[in-house]
Q: 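One structure is given below, represented as structure tokens, and several questions about it will come after.
This structure is a prediction, so every number in the text was calculated from the model and none was measured. Just so we're on the same page: letters track the sequence lines, and every chain starts at 1. Values below: every heavy atom of this structure, side chains too, minus hydrogens, waters and symmetry copies.
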Number of protein chains: 2
Amino acid sequence: MALLDTVVMRGLSSQGALSNEDKAFLLELELSPRHMSASEVLWLENGHADLFCVVKEGWGYSYRNLKNGSKQILKFYLPGDIIGIRDFGFTRRLASAAMINDGVIYPFSYQQLFELFGRSSLAVGIMATAMRQQALLSERLVYLGKYAAHEQLAHFLYEIYLRLKRIGAVEDNSFLMPLTQELIGDALGMSPVHVSRTFSMLREEGLVIRDRQRVKLPDPEALARLVEFNDSYIDEFLPHAFSELLRATP
Amino acid sequence: MALLDTVVMRGLSSQGALSNEDKAFLLELELSPRHMSASEVLWLENGHADLFCVVKEGWGYSYRNLKNGSKQILKFYLPGDIIGIRDFGFTRRLASAAMINDGVIYPFSYQQLFELFGRSSLAVGIMATAMRQQALLSERLVYLGKYAAHEQLAHFLYEIYLRLKRIGAVEDNSFLMPLTQELIGDALGMSPVHVSRTFSMLREEGLVIRDRQRVKLPDPEALARLVEFNDSYIDEFLPHAFSELLRATP
DNA sequence: TCGCTCACTTAACATAGGTTATGGATAGTG
DNA sequence: CACTATCCATAACCTATGTTAAGTGAGCGA
């Protein structure tokens, strides 16, 4: 049951990739199942991230609450799915999760997951990188789903700005962006014409100045407020969580 | 350089989480850098997935070509980003990748990545699970970006159908779906009213029959054709790639 | 210098999908 | 058996964005 019942693990198992030792370890991880009732919340956005769950019965979903009162659902979880590895590598939850109908889940701590990696901080680093990438993807999804063009573009520019800043490629709030408006349109799911319109709009509001590939954000914070940018997913120094763990386990 | 220069690894390193042994290992992985010219393709969708890259200079992006001739960009890669772990766990590429301007990349084989995991097939399984989840997310993103409501809904239903079929919850092309149209709307980024409209449309075309929570797809393949469903990302038994590796490394 | 191409801007028009509203079926509850 | 709360269907209307088109300016090669 539990982890062994997961789609991927069943696959590994059926192909003889799992040793008896592996299986024993998995079974040892087995915790007491938890019975959940319909629409019960597993965790909330920004809550402390310390565990993930295998869904045994029932449907669940993860979602983000949006400023306009609606929500964007990131994924529905069916029996056999793992819910919550999305946040592995972060200290706080990037999204809320709840049940849809009654069900049963098996919780596992990230600590256990960490031990699975044999305390190799390299492997953990790779995993964290992957998770961070997924976080970016989720964030984009949220914006594609429910936000207007100018909010999407503002969000996009601010994300690029932050990412470039981390690697020291921003100077005086200005950076080089070698993208055509067509490429940006392909990323944001809007027509190149509308990208241009939207840039004009942001320019008129004094939020973005652009000359060819040079982009300047006169007031980055204003942009961030416009889109209520949640920078935890990009700015958090992921390894924090891991270095804690590394210290905890000799 | 190379992997050590990656955002996450730098973070680990600065916090003393990386032992000298770890660092030596990373340096050992160093391969000859590859100079890329503008718009040069790294790999194409469906190509064999065997390596990932660290971007040293230049910008790159990953994208999916759509049936209507346009493309959806999944992510832009800046210097220091890792490009291609998305496909770790799959035998074929889920998306194409190309450079935007001239640049330099460092390639690494999945084989090396695998060894990082200390040959623990459990850890690899967790990683694969996470990657599969990300693949689902990317697929949804593609649909949110560029497809019309009826295509999105058809795609959504077919995905649920496949996922339920894997766990034996489909009988006679019919399954239980405990979702309200409001929830579906929140997932697909459309209003509940339009979800209803779209269901009516699909019903009139004989593609979907629904009574309360009971959903029946009289001709699943017709649905799949409508959305040109690429089931490799959901149906492929990921562990294949790993069991090959496991066999290859004693 | 001329002329070509490419990226962008702006405008006019078309439409998919949002919004608001109303009514009908079903399930739950006292 | 009412009474109510959901969920869903359909309609009328509105708006953001797509589409098509025409014009501008920068870069670049002949």
Q: Rounded off to whole Å, could you give me the NZ-to-P distance for the A/Lys146 and C/dG17 pair?
A: 15 Å

Q: Would you indicate which nucleotide in C/dT9, C/dT19, D/dA9 comes nearest to any side-chain atom of A/Gln181?
A: C/dT9

Q: In whole angstroms, how far is the P atom of C/dG18 from the CG atom of B/Asp186?
A: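 Going from CG in B/Asp186 over to P in C/dG18 covers 12 Å.
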
Q: Should we say atom CD of B/Glu182 is surrounded by more than 12 heavy atoms from elsewhere, each under 6.0 Å from it?
A: no

Q: Describe, in one word, how the ring planes of B/Phe156 and A/Phe76 are oriented to each other, choosing from parallel (under 30°), tilted (30 to 60°) and perpendicular (over 60°).
A: perpendicular

Q: Between B/Arg197 and B/Ser200, is any side-chain donor less than 3.5 angstrom from a side-chain acceptor?
A: no

Q: Where is the tightest heavy-atom contact between A/Lys67 and A/Val227, given as atom of each residue plus distance?
A: NZ-CA, 4.2 Å

Q: Using whole Å, report how far CZ of A/Arg210 lies from P of C/dA7.
A: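 For the pair A/Arg210 CZ and C/dA7 P, the rounded distance is 13 Å.
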
Q: How close or far is atom P of C/dC8 from atom CG of A/Leu179, stated in whole angstroms?
A: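 About 9 Å, once rounded to whole Å.
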
Q: Select one nucleotide: of C/dT10, C/dG17, C/dA21, the one nearest the side-chain heavy atoms of A/Arg197.
A: C/dT10

Q: Quick check on C/dC8: is either OP1 or OP2 less than 4.0 Å from any side-chain nitrogen or oxygen of A/Ser196?
A: no

Q: Would you classify A/Val195 as touching base, sugar-phosphate or nothing, given that sugar-phosphate means primed atoms plus P, OP1 and OP2, and contacts are heavy atoms under 4.0 Å?
A: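 No contact.
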
Q: Kindly point out which of D/dA9, C/dC8, C/dT10 is positioned nearest to the side chain of A/Arg203?
A: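 Comparing D/dA9, C/dC8, C/dT10 against the side chain of A/Arg203, the answer is C/dT10.
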
Q: Would you mind reading off the distance between B/Met201 atom CE and D/dC8 atom P, rounded to a whole angstrom?
A: 17 Å

Q: Checking all strands, does B/Gly189 fall into the base, sugar-phosphate, or nothing category for heavy-atom contacts under 4.0 angstrom?
A: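 Sugar-phosphate contact only.
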
Q: For the pair made of CD in A/Glu182 and P in D/dT19, what is the distance, rounded to whole Å?
A: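 Taking atom P of D/dT19 as the reference, CD of A/Glu182 is at 13 Å.
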
Q: Measure the distance from CG on A/Leu144 to P on D/dA16 and round it to the nearest whole Å.
A: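 It is 18 Å, rounded to the nearest whole Å.
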
Q: To the side chain of B/Ser191, which of D/dT19, C/dG18, D/dA9 is closest?
A: C/dG18

Q: Counting distance alone, no hydrogens or angles: does the base of D/dG27 have a donor or acceptor under 3.5 Å from a partner atom on the side chain of A/Arg212?
A: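 Side chain to base: no pair present.
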
Q: Using 30° and 60° as the class limits, which term best fits the ring planes of A/Phe52 and A/Tyr110: parallel, tilted or perpendicular?
A: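 Taking A/Tyr110 first and then A/Phe52, their aromatic rings lie parallel (interplane angle under 30°).
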
Q: Could you check how far CG of B/Leu183 sits from P of D/dC7, rounded to whole Å?
A: 9 Å

